[in-house]
Amino acid sequence: MPEPSTIRLDKLLDHPAVIDAVADVNLELKERIAYQPPVCDVFKSDFTTLVTDPQYQFEIDKEAHRQLSHIIANTVQRVEGSDDAADDVKKNYRKARNIGIVFSGGPSPGGHNVIAGLFDAAKKINPQTRIFGFLMGPDGIIDGDHMELTHEQVDQYRNVGGFTMIKTGRTKIDDRKKMNLSRETCKQLELDALVVVGGDDSNTNAAFLAQNMFEDGVQVIGVPKTIDGDIQVRDAQGKVLCAMSFGFHTAARAFSQAIANLCTDASSDVKYWHVCKVMGRVASHLALEVALQTHANITLIGEDLADYVDYARLENAEKAGVVDYTAYGMTLRHLSRVICDAILERSTVGKNYGVLVLPEGVLEFINEIQVFIIKLNTIIGNYNKMHDRDFHTAFPTLDDKLEYLRRLVRGIRKDVSYNVWNARDDELFNDIPEFFQEGLLTERDSHGNFQFSQVKTEKVILDLVKDYLGILKEKGHYKVGIQDAQFVKTMQKGGLDPERYGPILFENWKQARYLMIKKTIISKKTLKTALVKSGFLGDDEPIPAPIDKIFEQSVPKFKTQTHFYGYDGRGSDPTRFDCTYTYNLGLTVFSLIANGATGQMAGILNLEQDFSRWRPIGIPIAPLMHLEERKGKLELVLEKSIVDVNSPAFRVVKTFRDKWLAATPEEDHYRHPGPIRFAGNSEENRPITLLLNAMERDLSSPDEKAAE
Ligand code: FBP
């Protein structure tokens with residue numbers, strides 16, 4: 001027994017080393033807080049002005065014209081530095097303002113720096129300017145919950161992740177009452193401007209706030225936030241205005257570090273397939289970036305699956321003189337087969353392990369699931385519109401919900417959705433596992449979005465994969481390849497001649513480095529039959545130990561570990577890229593406000609280039625809006641950007657797919673991006689997808705450009 005410690009607890013706790021060790025603020029945090037991101041050249045001038053850039057044009061939706069009349073004529077504005085302006089301009093620029101800021105939607109690393117940039121710019125021009133943070137997201141505006149931000153508070157959160165300072169929320173200001181309450185709050189605080197830091201839906205909200213508060217004289221400015229990377233804005237000719245929302249780089253790097261570590265583990269103990277679901281909603285941008293960062297063995301890209309055409313099926317149909325429409329797009333079953341094929345390929349060369357990356361929204365691109373998602377969105381939306389209670393309160397359990405769907409099939413006419421759900425839908429829906437039914441019926445968020453993060457996508461896919469691998473195993477197709485040298489060694493050690501047994505056991509004896517046990521040998525029984533039939537074993541003799549050992553090694557055990565990367569990466573401290581990007585977005589926001597803009601989103605051009613070439617701009621939100629189905633009806637929203645399968649980033653990943661699957665005897669090609677590093681010079685300075693996609697502009701030849 002060790003002697004009990006004689007150190008007095010109070011002495012221990014008072015010791016400076018202990019105080020330092022248990023302090024909330026560590027060296028890393030101190031370094032982060034002290035870091036001053038560089039600022040774009042234009043912000044080094046005393047003033048900034050906004051200059052319309054006529055090269056950017058938009059095709060404007062009629063409905064956007066109608067609903068957003070005050071801001072629909074907005075143009076793309078370049079922020080330019082100016083040291084001497086007319087006196088009245090200076091006076092207006094310098095006037096004391098009240099500015100409110102709100103975070104809306106999921107946290108995204110860098111948000112605090114948007115506040116810091118805005119705060120620094122505003123206070124530098126006029127220390128009397130007051131910045132108010134609305135608490136808990138848009139609810140803070142509606143309820144008037146706010147706090148005035150001080151230097152001390154802002155300093156505490158510089159370059160730090162999360163939205164901790166003022167929190168966030170997902171409420172949508174989507175009815176007259178909420179809009180009026182919001183206007184009231186802005187009036188009471190005498191706000192000159194309101195800044196909405198959010199994703200596509202929140203910037204949609206920002207446009208409507210700008211429209212509604214136009215006559216109150218409250219300017220509204222949006223900031224493109226979301227780890228999903230699905231706010232990518234181009235004009236009608238495809239010219240990039242916002243290449244990437246902030247937070248994407250950090251989340252992708254955080255996921256990639258963790259997944260690269262799994263690659264190391266998988267290739268060390270060689271017994272698991274790690275299945276990693278990564279956030280991103282419908283869009284697979286994060287999964288694509290993770291593929292580039294880690295070279296994981298298989299990365300599914302939802303947008304690519306939607307594009308799938310089964311040519312063999314088409315050919316068969318053509319021979320039969322019919323058109324097979326099911327050959328377009330992918331079914332769940334087909335997807336599981338694609339994954340199984342890849343698993344089999346690796347297993348052939350002895351690699352019964354690997355890393356599979358799935359975007360959380362992959363199911364949206366699977367034919368039959370997409371239909372369910374759309375139909376159920378409509379049914380839930382219709383119900384909420386028609387009744388006093390919301391769908392999930394009215395039907396709390398899965399059984400209640402299923403019963404409601406059954407009633408729709410029976411055609412209860414008074415229910416507006418009776419024609420949305422038919423007997424075939426019901427039959428197919430009842431065929432899927434309960435946990436997945438529950439997932440598909442899960443509550444939609446306030447914007448009517450399906451909540452992919454709540455569905456166990458990986459389980460749905462893995463269950464199918466496991467089933468199919470079982471079938472392939474029974475048919476003798478799924479086996480682990482045995483290295484020829486290892487076979488020879490094991491046999492010789494056990495006193496058996498490999499040359500005699502090789503042709504009996506393997507279908508590719510002497511033809512490959514990895515030997516495959518014959519398809520007909522799928523059990524000890526069939527192994528014994530093969531040995532007896534070839535005259536190497538008597539009926540009553542046991543299978544020789546070396547052969548038994550080799551057979552055991554050839555039998556695959558498909559063991560998996562599942563992981564979800566989302567909330568962890570979202571809460572990461574920002575990369576230096578995101579720190580700089582967001583700080584400059586904050587400065588841009590102030591320039592837009594000080595120059596009288598409203599209904600604009602802050603943006604920075606040339607993010608893929610050296611910092612010296614970054615150019616702050618204002619992007620008009622209203623011209624970007626289009627009609628989309630939400631909660632069962634058409635609504636004006638900002639379009640989400642999904643992965644373009646013709647983009648350079650996707651084409652690079654597609655080209656390297658086979659290499660990264662590494663179904664060869666050689667080592668895997670895993671890449672280790674390492675942790676997000678704030679200090680030192682080795683941190684990669686921007687997302688790889690951003691770099692690759694920008695090459696489109698640089699590399700397409702003048703001829704190709706002309707052809708476009
Ligand atoms: P935003 O679209 O608000 O930026 O949120 C992104 C996200 O992190 C998605 O990737 C994810 O599906 C979702 O939020 C999770 O939502 P919640 O935080 O409500 O669980």
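Order of appearance sets the numbers: ligands from 1, and atoms from 1 within every ligand.
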request  = Look at atom CD of Glu434 and say whether more than 12 heavy atoms of other residues, nucleotides or ligands are closer to it than 6.0 Å.
outcome  = no

key: Minimum non-hydrogen distance to atom 14 (O) of ligand 1, winning option of Lys640, Glu360, Gln454, Arg170   =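 That would be Arg170.
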
In terms of relative ring orientation, are [X] and [Y] parallel, tilted or perpendicular, with 30° and 60° separating the classes?
X      : Y      : result
His387 : Tyr383 : parallel
Phe134 : His146 : perpendicular
Phe564 : Tyr567 : perpendicular
Trp614 : Tyr581 : perpendicular

Please identify which atoms of ligand 1 are closer than 4.0 Å to at least one heavy atom of [X].
X      : result
Gly280 : 10 (O)
Gly106 : 1 (P), 3 (O), 5 (O)
Lys225 : 1 (P), 3 (O), 4 (O)
Gly105 : 3 (O)
Arg281 : 1 (P), 2 (O), 3 (O), 5 (O), 9 (C), 10 (O), 12 (O), 13 (C), 14 (O)
Tyr567 : 15 (C), 17 (P), 18 (O), 20 (O)

ask   = Is it the side chain (CB and beyond), the backbone, both or neither of Thr226 that lies under 4.0 Å from ligand 1, heavy atoms counted?
value = both

query = Side chain, backbone, both or neither: which part of Phe452 comes within less than 4.0 Å of ligand 1 when only heavy atoms are counted?
reply = neither

Give a yes or no on whether a salt bridge exists between [X] and [Y], defined as a side-chain N under 4.0 angstrom from a carboxylate O.
X      : Y      : result
Arg281 : Asp200 : no
Asp644 : Arg234 : no
Arg32  : Asp573 : yes

Identify the closest protein heavy atom to [atom]: which residue and atom is it, and at what distance?
atom                    : answer
atom 15 (C) of ligand 1 : Ser453 OG, 3.4 Å
atom 10 (O) of ligand 1 : Asp228 OD1, 2.6 Å
atom 8 (O) of ligand 1  : Arg570 NH1, 2.9 Å

key: Close N or O approach (Ser104, ligand 1; < 3.5 Å)   =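 Between Ser104 and ligand 1 (N or O atoms, distance only) the closest approach is not under 3.5 Å.
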
ask   = Sub-3.5 Å donor-acceptor pair from the side chain of Asp230 to the main-chain atoms of Lys640, do we have one?
value =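 Not at all, since once roles are kept as given, no pair shorter than 3.5 Å links the two residues.
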
